[in-house]
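First the structure, in the form of structure tokens, and then the observations on it.
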Amino acid sequence: MMNSSEASTCPSVLSDQAFSHILEDYKNYNYLKKFKKVEPTYNFGKCNVCSDRATGIHYGVPSCEGCKGFFKRSLERNEEYVCYYGYNCEMTPKQRKRCKYCRWQACLRGGMSLDSARMGRISRDEREKIIKENREQSSSSSSAPVSPSGSSEKSKQIEKSTKFYKSLLKSLNIHTANYFPDVEITNLTQNNLENGLLMLSLLRDKCYQIFLEYNHEFNKIHYDKALSLLNRMETDDGETIKCNKNLTVKQIWDYFLPALQKNINSSIVYFKNLPGFSQLSDYDFKRCVIDRVFIVITLRVAKLYIDKEFYLYLHLDDEVYFSRELMEKAYGSELAKDIFGFFDRFAELKLTDYEISVLIPAVVSNLDSYDSGDLSNLNLYYKKLLSYELSLNKRSPEFIDKLKLTYDLLSDVCKRNRDVDVKI
DNA sequence: ATAGCCTTGAAC
DNA sequence: GTTCAAGGCTAT
């Protein structure tokens, strides 16, 4: 193409119009040439991750060059991704670069895996099958919000996810009487404190740091969002703000279950990073998760109970939060009442973030029956740590009693929460 | 770091 | 020999 100095010395016959014509031809030629190379290849549809044009089956799913490369790079440098925007980032060709965490999750959800990666060509049948499966999925999910034509594909999809969520809940629905970790301030005499004081204060800081890191979403993102909503409600007189408008029970579950699943996953990562938990056997760790994850999730989000209302956002892009109204619809008024009863009591305690951050590992490791020395040992440390923390804050024995009572309320509502029938 | 293009090598 | 996916290369 011409550079500017050449253009300025162009004979006037090459008027702008004529020039643009040539340019157009040139572009067209290039375009066609480019297209010629691409056109004969198969139409793979949309990228399973970001909906860009797929260039082939990569790592088992139709995907674009970008997501193919991203998945590959992620495997190479396995660094830990973090989402700074609420773990719900949009995956579009434009937005996909914004958040690596969510893109990675989208890759996994889209079905990318090393297992399905293979060198060279795959059979025609197999390729057709993969593309067809993908078409069905994307057409049923992308039209989900409006599509009035209750297609069988769509209902199949819903049925499938319902089954999945129910089995998820069921797998968590295992026995258990929950006892509060046995702490007594009087246990902490000067003697047994001195030995491990340094260890305890280190452990304390570590727990707090990890709590901040993994609870950032609730402590900051949800919390700030709730505060700004409250602010707007005050200034706008609540006129223009419409939240949670008339959701049906089914819609509530549609919001809530994915959010729950996400919170369970992030709680598991949180547990894994607490000192000592990664050294537990898989069996022990799993028991901790199954028994305690609901309780811990509740503790993690308790801060979002503000002015008698609960502002856990079920979808950060919408204004839908798990208000009293929604909870009553989903759980029934009895359970909702008791959950809010717990929040009331818990708020009265005014626990510090430090206290909550050490309470959580103490609760998680405190299973009713131990058959493993590792777990009971771990729990011993965390009970000590909790006692230490409470004593640092000069909490009275009456306070501890109150804490125990509040905890009983919590474990009761969590147990009932597990038995709630999901109506979809 | 990303993503489009290119080379390599396996499956057909 | 051809087609396709993985992985390398490199301008942005």
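Labels below follow one simple rule: chain letters A, B, ... track the order of the sequence lines, proteins then strands, and each chain is numbered from 1.
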Could you tell me the separation between the [atom1] atom of [X] and the [atom2] atom of [N], rounded to a whole number of Å?
X        : N     : atom1 : atom2 : value
A:Arg73  : C:dC9 : CZ    : P     : 15 Å
A:Lys68  : B:dA3 : NZ    : C1'   : 10 Å
A:Glu65  : C:dC4 : CD    : C1'   : 12 Å
A:Gln95  : B:dA1 : CD    : C1'   : 17 Å
A:Lys97  : B:dT2 : NZ    : P     : 8 Å
A:Trp104 : B:dT2 : CH2   : C1'   : 16 Å
A:Asp52  : B:dA3 : CG    : C1'   : 10 Å
A:Phe70  : B:dA1 : CZ    : C1'   : 10 Å

If you measure only the distance, is there a donor-acceptor pair under 3.5 Å linking the side chains of A:Ser74 and A:Arg103?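 Checked: A:Ser74/A:Arg103 side chains show no N/O donor-acceptor pair below 3.5 Å.
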
Taking the six-membered ring of A:Tyr311, is the NZ or CZ of A:Lys225 close enough (under 6.0 Å from the centre) and on axis enough (within 45°)?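 Pair A:Lys225/A:Tyr311 does not count as cation-pi.
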
Please determine whether a side-chain nitrogen or oxygen atom of [X] lies at a distance below 4.0 Å from atom OP1 or OP2 of [N].
X       : N     : value
A:Arg98 : B:dA1 : no
A:Arg96 : B:dT2 : no
A:Lys72 : C:dA5 : no
A:Tyr81 : B:dA1 : no

Mind checking if A:Gly66 touches a base, just sugar-phosphate, or nothing, with heavy atoms under 4.0 Å?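 The answer is sugar-phosphate, as A:Gly66 gets under 4.0 Å only of primed atoms, P, OP1 or OP2.
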
Does A:Tyr331 have its ring centroid less than 6.0 Å away from the ring centroid of A:Phe322?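 Yes, the ring of A:Tyr331 comes within the 6.0 Å limit of the ring of A:Phe322, centre to centre.
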
Before we go on, tell me: are the rings of A:Phe340 and A:Tyr305 under 6.0 Å apart, centre to centre?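 Ring centroids of A:Phe340 and A:Tyr305 are less than 6.0 Å from each other.
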
Of the candidate nucleotides C:dA5, B:dA3, B:dA1, which contains the atom at the shortest distance from the side chain of A:His58?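 Between C:dA5, B:dA3, B:dA1, the one nearest the side chain of A:His58 would be C:dA5.
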
Minimum-distance nucleotide to A:Lys100 side chain [options: C:dA6, B:dA3, B:dT2]: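 Selected nucleotide (nearest to the side chain): B:dT2.
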
Test your reading of the model: is there a side-chain donor-acceptor pair from A:Lys68 to the backbone of A:Thr55, 3.5 Å cut-off?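 Not a single qualifying donor-acceptor pair exists.
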
